[in-house]
2 protein chains.
Amino acid sequence: MPRAGLDPAAVVTAGAALADEVGFANLTMGLLAERVGVRTPSLYKHVGSQEDLNRRIAVRALGEAADAVGGAVQGHAGRDALAAAARAFRAFVLAHPGRYAATIGVEPSGPDDPLATAGQRLLGAFMAVLRGYEIPASDVDHALRMLRSLCHGFATLQADNGFQWSADIDESFEWLITFADRGLRAM
Amino acid sequence: MPRAGLDPAAVVTAGAALADEVGFANLTMGLLAERVGVRTPSLYKHVGSQEDLNRRIAVRALGEAADAVGGAVQGHAGRDALAAAARAFRAFVLAHPGRYAATIGVEPSGPDDPLATAGQRLLGAFMAVLRGYEIPASDVDHALRMLRSLCHGFATLQADNGFQWSADIDESFEWLITFADRGLRAM
DNA sequence: AGCTTTTAGCTAACAACGTTAGCCATGTGG
DNA sequence: CCACATGGCTAACGTTGTTAGCTAAAAGCT
């Protein structure tokens, strides 16, 4: 039997890709094993359980989202930064719906959990956007939560086909960016 | 063997309650059967499958949310209506996280799907809020999506413990209402 | 090189869950 | 009082997650 040369990182990579293809709810250990060319039980040499796999996919997704948003913000400020961040975030969720779905409903076990630090990095990217506005220190946390709720809500609703009726969705998103920008500048 | 006197509605009611208690992901046919005092296969006399049950729970949840939001808006306008709607929605999601979770990721099969009509009723309740503001007709759809994204995003993030750090969450939500109100009035 | 040790794959097997088939008792309508 | 539809049951199957135990490939040591 030739070895497949797997390691935890490769399994997580394949799992995240598969989740994007078939949907997070349909990600199964057997399907993933087939994808990486191995029998199902062999996966347990690299991840502890399906829940462990899910958490690792979530960490990967949050890290990638943080990179995407952080990179998009670079070199911009104010409205440009906000628009770049929001667009990058939504683009990431729509391009990788499966791995992003892995991040919802999973709670970090403590401050040292890689999940927590990855989440902090994503928040940091959005925080950089807020630094381009003049926001009282006491309002920064609230503004950050508002931004996260808006982006998360919009992107997940769209990813789940939650917007049924007719108006153009891209246009709505641009409108939403303008709305947030105006509100943040009026503080 | 005495009869349990079940019907589809009773099964859905028990399923929704159970989902709230144990979490939607942990809702299982066996657990629900035990709860209603019946063996697992008997449930299939009332619902077609677990997916069918999930859809019915989702319809129930959307209907209840629409009632809660619609009722809260009654007799208010402008900022009062917005605040009442947002608070009612968030309270519903936090009080019934399991059944609300059943609504995410489920797509209506067509315009006559009860799921679609229940969703429309919820949207109608939020639409009533917007009528208290002077919004150009071309912006109403965008504003509605913004409101839904904001409420959905905030409520689900909180329900999943997505807000990790310290600032008070109720305070953030009130801040968010004020933010949305100011933005909508500035149109 | 040769030997030992670790490890990544395998097969076999089990538990939990969703689901179907088929039986029987309960209740309802003529 | 009897037919019959129906809501419960037990038995059984397929799928999925998981563990145990074996074996061969790689890696390390002398």
Side-chain angles (χ1 to χ4, degrees), chain A residues 1-60 98-99 101-107 109, chain B residues 1-60 98-99 101-107 109:
Chain A
M1 300 118 229
R3 294 239 176 155
L6 288 182
D7 57 45
V11 171
V12 172
T13 300
L18 192 52
D20 289 338
E21 291 175 32
V22 304
F24 179 65
N26 301 319
L27 176 61
T28 184
M29 296 296 273
L31 202 58
L32 176 55
E34 187 182 7
R35 168 66 65 102
V36 300
V38 108
R39 300 295 185 141
T40 308
S42 303
L43 293 178
Y44 290 83
K45 299 288 175 160
H46 305 292
V47 296
S49 64
Q50 189 172 41
E51 191 192 327
D52 178 39
L53 172 68
N54 293 350
R55 293 181 73 88
R56 291 184 197 231
I57 292 176
V59 172
R60 175 77 58 94
R99 73 237 272 156
T103 69
I104 73 181
V106 54
E107 307 181 21
S109 58
Chain B
M1 301 102 235
R3 294 238 175 154
L6 288 181
D7 57 46
V11 171
V12 171
T13 300
L18 192 51
D20 289 338
E21 291 175 32
V22 303
F24 179 66
N26 300 321
L27 176 61
T28 183
M29 295 296 272
L31 204 58
L32 176 55
E34 188 181 7
R35 168 66 66 100
V36 300
V38 109
R39 302 293 187 147
T40 308
S42 304
L43 293 178
Y44 290 83
K45 299 287 176 163
H46 305 291
V47 297
S49 65
Q50 188 171 42
E51 192 192 327
D52 178 37
L53 171 68
N54 293 350
R55 292 180 74 88
R56 291 182 196 232
I57 292 176
V59 172
R60 174 77 58 95
R99 72 238 271 156
T103 70
I104 73 181
V106 54
E107 307 182 20
S109 58

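Because the structure is a prediction, the values reported are computed rather than measured. All chains are named by letter (A, B, ...) in the order of the sequence lines, taking the proteins before the strands, and each is independently numbered beginning at 1.
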- [ ] Round to the nearest Å and state the distance from B:Met29 atom CE to D:dG8 atom P.
- [x] 13 Å
Task: Nearest-angstrom distance from the residue atom CG of A:Asp7 to C1' of D:dA26 - done: 15 Å
Task: Close side-chain approach of A:Leu31 to A:Leu27, heavy-atom, < 4.5 Å - done: no
Open item on the list: If I take atom OG1 from residue B:Thr13 and atom CG from residue B:Leu18, how far apart are they, to the nearest 0.5 angstrom?
Closed with: 12.5 Å
Open item on the list: Rounded to the nearest 0.5 Å, what separates atom CZ in A:Arg56 from atom NE2 in A:His46?
Closed with: 10.5 Å
TODO: Determine whether more than 12 heavy atoms belonging to other residues, nucleotides or ligands lie under 6.0 Å from atom CD of A:Glu34.
DONE: no
- [ ] Name every residue in residues 33-51 of chain A that has at least one heavy atom under 4.0 Å from any atom of DNA chain D, in order of residue number, or write none if there are no such residues.
- [x] A:Thr40, A:Pro41, A:Tyr44, A:Ser49, A:Gln50
Task: Atom of A:Ile57, atom of A:Ala102 and distance for their closest heavy-atom approach - done: CG2-CB, 3.8 Å
- [ ] Output yes when at least one side-chain N/O atom of A:Thr28 is less than 4.0 Å from OP1 or OP2 of D:dG17, else no.
- [x] yes
